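Structure record follows, encoded as C-alpha cells.
Just so it is clear, the model here is predicted, and its values are computed rather than measured.
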Amino acid sequence: MKKYKNLIFDLDDTLLDTWGQLVSNALEEACAKMISLGLNTNLSEAIQYRRRLYQEKSRANFCDQLVQHFGTVDHSDPEQIVSAGNKAFYQRQIFEDINVFPGVHQMLANLQRSYDLYLVTSGNASTQNQKITLLEIEHYFSCIFCVDPFVGQTKKCAFEKILKTTKTNSGENLSIGNRIDMEIRQAKELGMDTCLILHGEYTQLVPSCPEEHADFKLKNVVELISLLESPLEKIPSNY
C-alpha cells in the first residue's frame, strides 16, 4: 500500500532547468534596469557581484545586496532601484525556448495514475503561468498554486489548503522541490515528508534549522519514480 496520496511539486529548478535556461537573461535585464535608474556600477561588475553572492550562499535578496554594495548615484531612489530590479528579474515576459527536464512528462504521466499531483510555484503569477503554458504541464495537476512572496504569500498557506481540501493527514503528502527554505521547510513545519532536488542556485544553501533537512534527496526529479517504488528510507536527521 502506497504511503502518499498527494505529491506536491515545485516548478523552478525542480521540473525545469530555470538556472540554466532563464536566470542568465533575467539577471542581465534586472541589473541593466537597476543601473539605468542609478545603481552605481556597470553591468559586468553587477553580474560578477551577483555571482559572488551565489558562492557565498546568501539568502538575501540580490537586488537589495547590489544596492548596499555599490550604492547609488546622486538623487537616485534606492527603494525604486531595488523594486525595479525585482520586477525585471521575477516579473518578465518569457521569450526563451524552455523545456522541462528530460523524462519529466513521462514521469508526471506515470505518477498521475497512482497519485494526486499538485504544483505549488513561487513568483509572479503571470510569469509563472507563462512557464506552465509553454511547458504544457498544466493537465497533470489537480490544482496549481502560484504564490508571490513579494506580496506576503507563502507556500505554507498553499500546503495548508491542499491538506484541507483533500482531507489528508500531513504524512500522506510529499513535497518535492529544490529550496530548503521554501518547499522543504514550510512543508515540514506542517508535518509533511519532503524530497530535495539537488539542482540550481539554491543547492548552495546550508540548513539553518531542523525543518530545512529534507527526508529524501535526489539529483534529478525523474529519480522520484524509483524512490517511490522502493522501501522509503529517510535521511538521518543529523545528515
With no hydrogens and no angle check, just 3.5 Å: does a side-chain donor-acceptor pair link [X] and [Y]?
X      : Y      : value
Gln128 : Asp12  : yes
Asp193 : Tyr4   : yes
Asp17  : His199 : yes

Side-chain donor or acceptor of [X] paired with backbone N/O of [Y] under 3.5 Å:
X      : Y      : result
Thr194 : Asp215 : yes
Asn42  : Glu45  : yes
Gln130 : Ile94  : yes
Ser36  : Lys33  : yes

According to a 4.5 Å side-chain heavy-atom criterion applied to Ile, Leu, Val, Met, Phe, Trp and Tyr, with indirect links allowed, do [X] and [Y] form part of one hydrophobic cluster?
X      : Y      : result
Leu227 : Leu111 : yes
Phe150 : Val120 : no
Tyr140 : Leu174 : yes
Leu15  : Leu7   : yes
Phe9   : Val147 : no

Could you tell me the separation between the [atom1] atom of [X] and the [atom2] atom of [Y], rounded to the nearest 0.5 Å?
X      : Y      : atom1 : atom2 : value
Phe70  : Asn40  : CZ    : CG    : 9.0 Å
Ile162 : Ser170 : CD1   : OG    : 11.5 Å
Thr72  : Glu79  : OG1   : CD    : 11.5 Å
Ile47  : Cys31  : CD1   : SG    : 5.5 Å
Asp10  : Glu183 : CG    : CD    : 4.0 Å
Arg51  : Ser24  : CZ    : OG    : 6.5 Å

Any heavy-atom pair between the side chains of [Y] and [X] that's under 4.5 Å?
X      : Y      : value
Lys131 : Thr121 : no
Thr203 : Asn178 : no
Ile137 : Leu11  : yes
Phe141 : Leu108 : yes
Val222 : Pro102 : no
Tyr118 : Asn173 : no
Thr166 : Glu172 : no
Asn99  : Gln21  : yes

Taking atom [atom1] as the centre, does [X] end up with more than 12 heavy-atom neighbours from other residues, nucleotides or ligands that are less than 6.0 angstrom away?
X     : atom1 : result
Glu29 : CD    : yes
Gln48 : CD    : no
Glu96 : CD    : yes

Exercise. What do the steps show when you test Lys2 against Leu228 for side chain to side chain contact (heavy atoms under 4.5 Å, CB included), and what is the final call?
Worked result: CA-CA 8 Å; Lys2 67 181 191 296; Leu228 294 171; over 6 Å; no
For this session: Assess the pair Phe89 and Phe62: is the distance between their ring centroids shorter than 6.0 Å?
Result: yes
Between [X] and [Y], is there a side-chain N and carboxylate O pair less than 4.0 Å apart?
X      : Y      : answer
Glu201 : Arg50  : yes
Arg185 : Glu212 : yes
Asp13  : Arg179 : no

Problem set entry | Test side chain to side chain contact (heavy atoms under 4.5 Å, CB included) applied to Ile8 and Met192, step by step | CA-CA 10 Å; Ile8 307 169; Met192 294 180 178; 4.0 Å; yes
For this session: List the steps and the verdict of side chain to side chain contact (heavy atoms under 4.5 Å, CB included) for Met107 and Phe101.
Result: CA-CA 10 Å; Met107 176 197 72; Phe101 286 116; over 6 Å; no
For this session: Start with the C-alpha gap between Leu163 and Thr168, add the side-chain angles, then the distance that decides, and say whether side chain to side chain contact (heavy atoms under 4.5 Å, CB included) holds.
Result: CA-CA 5 Å; Leu163 289 175; Thr168 54; 4.0 Å; yes
Exercise. Looking only at heavy atoms, what is the nearest atom pair of Gly71 and Leu39, with distance?
Worked result: O-CD1, 3.6 Å
